[in-house]
Amino acid sequence: MNRKKLQKLTDNLTKNCKHFNKFEVNCLIKLFYNLVGDVPERPVAVIGLDRNAFRNILHVTFGMTDDMIMDRVFRGFDKDNDGCVNVSEWINGLSVFLRGSLEEKMKYCFEVFDLNGDGFISKEEMFHMLKNSLLKQPSEEDPDEGIKDLVEITLKKMDHDHDGKLSFADYEKAVREETLLLEAFGPCLPDPKSQMEFETQVFKDLTDFNDM
Amino acid sequence: MGVALTRSAQWTAAGYGTGTLESTPLNEEILKEIIVFVEHFIYKYPHEAKFVFVEPLEWNTDLEPSAFESGYIVSETTVKSEEVDKNGQPLLLLSVPQIKVRSFGQLAHFLFIAKDTKLKEAQACIEGNRDPVVKILGSEFGEMKEDSMALNILNKISTDDDPENEIKMKIAILLKQLDLHLLNHSLKYISLQINLNPKTVKKDIELLQRFSGKGEQTVLESIEYTSDYEFTNGCRAPPWRQMYGEICYVLVKPHDVEALCITCSAEGVFLNGGKTDEEGDIDYERKGEVYKDLVTFLKEKSAVFSENMSRQENISNEEQKNQIEEVLTKEEAAVPQKAISSSDRLKKNHINFVKTQMSKRLEPSLNWRAKVDFKDKNLTKDSQEEKHGGKVEKSRTSISHGKVQLRKSVDKIEETISESSSESEEDEEQPDHRQEANADLPSEYWQIQKLVKYLKGGNQTATVIALCSMKDFNLAQETCQLAIRDVGGLEVLINLLDTDEVKCKIGSLKILKEISHNPQIRRNIVDLGGLPIMVNILDSPYKSLKCLAAETIANVAKFKRARRAVRQHGGITKLVALLDCAQNATEPAQSSLYETRDVEVARCGALALWSCSKSYSNKEAIRKAGGIPLLARLLKTSHENMLIPVVGTLQECASEENYRAAIKAERIIENLVKNLNSENEQLQEHCAMAIYQCAEDEETRDLVRLHGGLKPLASLLNNTKNKELLAAVTGAIWKCSISKENVIKFREYKAIETLVGLLTDQPEEVLVNVVGALGECCQEHENRVIVRRCGGIQPLVNLLVGINQALLVNVTKAVGACAVEPENMAIIDRLDGVRLLWSLLKNPHPDVKASAAWALCPCIENAKDAGEMVRSFVGGLELVVNLLKSDNKEVLASVCAAITNIAKDQENLAVITDHGVVPLLSKLANTNNDNLRRHLAEAVSRCCMWGRNRVAFGEHRAVAPLVRYLKSNDTNVHRATAQALYQLSEDADNCITMHENGAVKLLLDMVGSPDQELQEAAAGCISNIRRLALATEKARYT
């Protein structure tokens, strides 16, 4: 990609981005093209990270392990649902992912947890997300019993309107009371350590990413 | 005495040559007998006392040459006796520190001079001369065997007619008698001392084990043998130690002191050197005094043991009474705790217990002696030993277990001592009641148990959910706190702190922070090793995590062990570093889970330091870590919730001299004064408290005034509802009013009137300070008048009947200060205040005694018919004179001052003379304390006014030491001494003594003094001496 194009793209994206400055956007764009591999003949808008490549990044760079959550995070980034994260989705996604305000993050997380996108986190969705959260104890007859119980506990804690599912309002209220509940159903934000590592690496020194 | 010394006296195991006498009661007894023998020798056998030893007895003495008086030629470092042998050699020769004595007469004289250190000197003498008989009489006597002694003596007498030999013989017989006497005596003593035997020791230990365990009520935390193997004779000590009479070794962990490793031997119970090396061998060497049994030993070592022991006894006594009499009222049975609080009952039981223990011990046991030779038996029973192989193995493991404990204890000994007194141990030993299984458990219990299960078995997500849910329980409630602990939640929470999951750490700390308000939980957290982990978290990059950790530490570090743990893991430095965070006051860009305001971090750090600062070593650590400037900086902020912990920390630390200096240097006083004007009473209280601590220093007192701190203090006096605040404020006023300028200000602010109003219906903490402040204020005439006008004298006098020692010291001082005003004195007299003061002379505490005696001086001076008044106290004068036997310098000085005033009345002077005031005063003459010297000299000069007291002072050798007072640096001493010498110089013999001691030159210098009274007295004295000299000369030449 030539310098002029890059310059234009950067300006363009910086305008729409709340949390990154021009330099940072520039760095992130460069990283993006490093990651997808610079293919000049394809139009800029079409190229992007597909699901697997993106999940790979989440796993390697941000230490996420839960397949389902990573899938949901990909969905969260891929706003236009075209199966790949293009450069503007990349920048906007990372803006919330790394630097988002509590409100933005809440919205983002709720979307991640709302598996079917119906605006509520239902008991079934919770069960689905939490099903691997307990170590299997051989002594228990029904291993799902614990998960069900955990779901009940969560509902008791967060379901303020007692309708048996979490609306965004329920979720928001609970998180404002106790920030720890932001990622209540699984880690979908970078942990601060890997976030810091990522940022220092990307914004200071790009050369290292060339061999990624 | 040779036999007794070698056989009975207990020499340390260090070997014969350099051996020293152990300080056991038996040795002390022997030494005392020897001293009595020597002291009486001179009277019983005056002729033999002059006998010159063949060789001098030599040893190193601690006695100063100045202690020697008439009969000796004294110089800087040497003393020679005037008494010499036929070759002209002095019989006593001291060249510091070595002393040589060559006759019983000199020996007796020396002991007389040594007074209090008699015992020590005798010991040094015996140690220095291992064979005194040989030295005294020559080698031929040393070689005599006991049985052939008499024969030898007869032999010698028949062959020799030399008169000197006759004396030698006589002395030899005398020494022989002494030897026998000593042996008899020590035998008597040993049989009194009684040997413990394995059975009684075992019974004791079993008894103690029954009363041991965790919790407040028990007497000990644990008591166990170092060895599980018990020999057939009941001993647990290895056979080669049984030879020395040792029975067993016990590891004892009392509540309040570190673990003790104790040897129980036939001779008694004592502390040994503990475990020494990896093999778990015990250092058998004795490290402390010998006690007659385990209980006495532990009572001596552990206050908690002694208290709880008497309580245990008390409770069991109560129970017995209940059973037998069945008349005890219900209330008493229901609240045995309260019953104990009546102190005399407690004491009675305490004594009871000791008595029963003693009578148990008093029967001498020969069983043990018979079994000492067990070692031999043991050797023949090798096969049997092998059978016990398994057991021996077992005992070894238990020893190594003990070793770990012991090594710890050695590390901590210094720590225990260094803890400051200001710390409160209110929560150190809470009863540790676990909830009964299945007994009416609240539903929370089961819910919490379930959550803990998920904490244990869940991944990060489940853990966070469980933590958040747990936080919803009422964690301030004890049932929930204990439920978390009882289902094993504490362990899990603390383990979570050790993981990498920041969210889990935050959640865990949020819970720990709440439940650590419970004293039991605190202890459990420390036991589980939670503190080091939390201290490590203080290094975390996440501020909210730091905050939570610091806050939790603040809660946990409410007791000694915890504070020590924080320090030992470097927590203090890290906490001090937190204070530094408040540098840049910029808010973080976004509110995130991991971020928080810098000010908050500093606040939490200060909170934790406040808790930690209750230990002395921690105060030092805070200072060394550079905490004071940081605290000073934080003090400039205006956040109340920040100021309270900061001032709280400063106030705790201000008990240390270093801090007070630093507080002055960092200009902290200014801010303390500023915060006195705060709205927050807690903040005001801590500020006042800090001022109270710091205002011992004069400059600080001035600073408080210059920054306008006196007015808010005075106005805070009107807030009488908050007693803690009132106590702190009155304390600050007390210390501030030590400066005259401050008193003037206080008078301006009408603080004195208010203080007088606070003399009634206040708790003791307030009263002590109020009275202290009035005592300082009443140093001035105007204030004395104000106090009288406000009716303050009556309540003050009423307070003289209290029992609080600190209060009594202050009250007596205040009453004394008031009594300077004759009008006040009239009121005090009418209220019978002097009688009350006088009766305080009987108070057991020396400070009270001294303060009362000081207060009596102005009373006697200003009372109308003082002489008559003093005489009206039955036994009063005798009481005062007898106080001259005290060994507290302050008491002595104050009593001398009182005597000076009493002696102004001729009749009273006559009475105290009859009570023997002269010899008692003379005895005190050898002192270096200038305050005592001054008042003593004044008393002497007063007492000279009666009968032949002047002569008597001379006879009791008070004159020579008085002359030495003139070399002091204190003019007050000079004046008083010159006056005393002037009075004494009316007697010719005294003049001679003065002259001999070089008084004239010193007095001549005094004549040049600007002090008129001193001039006059010195000149008068010289003129008396001179007149005597002229008269003698005249007599000689006419």
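In what follows, chains carry the letters A, B, and so on, assigned in the order in which the sequence lines appear, proteins first and then strands, with residues in each chain numbered from 1. These numbers come from the heavy atoms of this one structure, side chains and all, not from hydrogens, waters or symmetry mates.
To the nearest 0.5 angstrom, Lys157(A) atom NZ is 6.0 Å from Lys471(B) atom NZ. Between atom OG1 of residue Thr461(B) and atom CD1 of residue Ile69(A) there is a gap of 7.5 Å, rounded to the nearest 0.5 Å. In this structure, the separation between CG on Leu189(A) and NZ on Lys503(B) is 7.0 Å, given to the nearest 0.5 Å. Interatomic distance, CE of Met158(A) versus CD1 of Ile465(B), reported as 8.0 Å (0.5 Å rounding). A distance of 11.5 Å separates OG in Ser469(B) from CD in Glu178(A), rounded to the nearest 0.5 Å. Separating the OG1 atom in Thr463(B) from the CG atom in Leu180(A) is a distance of 11.5 Å, to the nearest 0.5 Å.
Taking all atoms of both residues into account, the shortest heavy-atom contact from Tyr454(B) to Gly146(A) is OH-O, 3.5 Å. Closest non-hydrogen pair, Gly458(B) versus Leu134(A), comes out as CA-CD2, 3.6 Å.
At a 4.5 Å heavy-atom cutoff, the contact between Gln460(B) and chain A is made by side-chain atoms alone. For chain A, the nearby part of Leu451(B) is the side chain; its heavy atoms alone come within less than 4.5 Å. Heavy atoms closer than 4.5 Å to chain B are found nowhere in Asp66(A), neither backbone nor side chain.
Here Asn474(B) pairs with nothing under the side chain to side chain donor-acceptor pair (under 3.5 Å) rule; sequence neighbours left out. Judged as a side chain to side chain contact (heavy atoms under 4.5 Å, CB included), and not counting sequence neighbours, Asn12(A) has no contacts.
Within 6.0 Å of the CZ atom in Arg55(A), the count of heavy atoms belonging to other residues, nucleotides or ligands exceeds 12. Remark: Asn116(A) CG is packed, more than 12 non-hydrogen atoms of other residues, nucleotides or ligands lying under 6.0 Å away.
Interface summary for chain B: among Ile147(A), Thr154(A), Leu182(A), the most heavy-atom pairs under 4.5 angstrom belong to Thr154(A).
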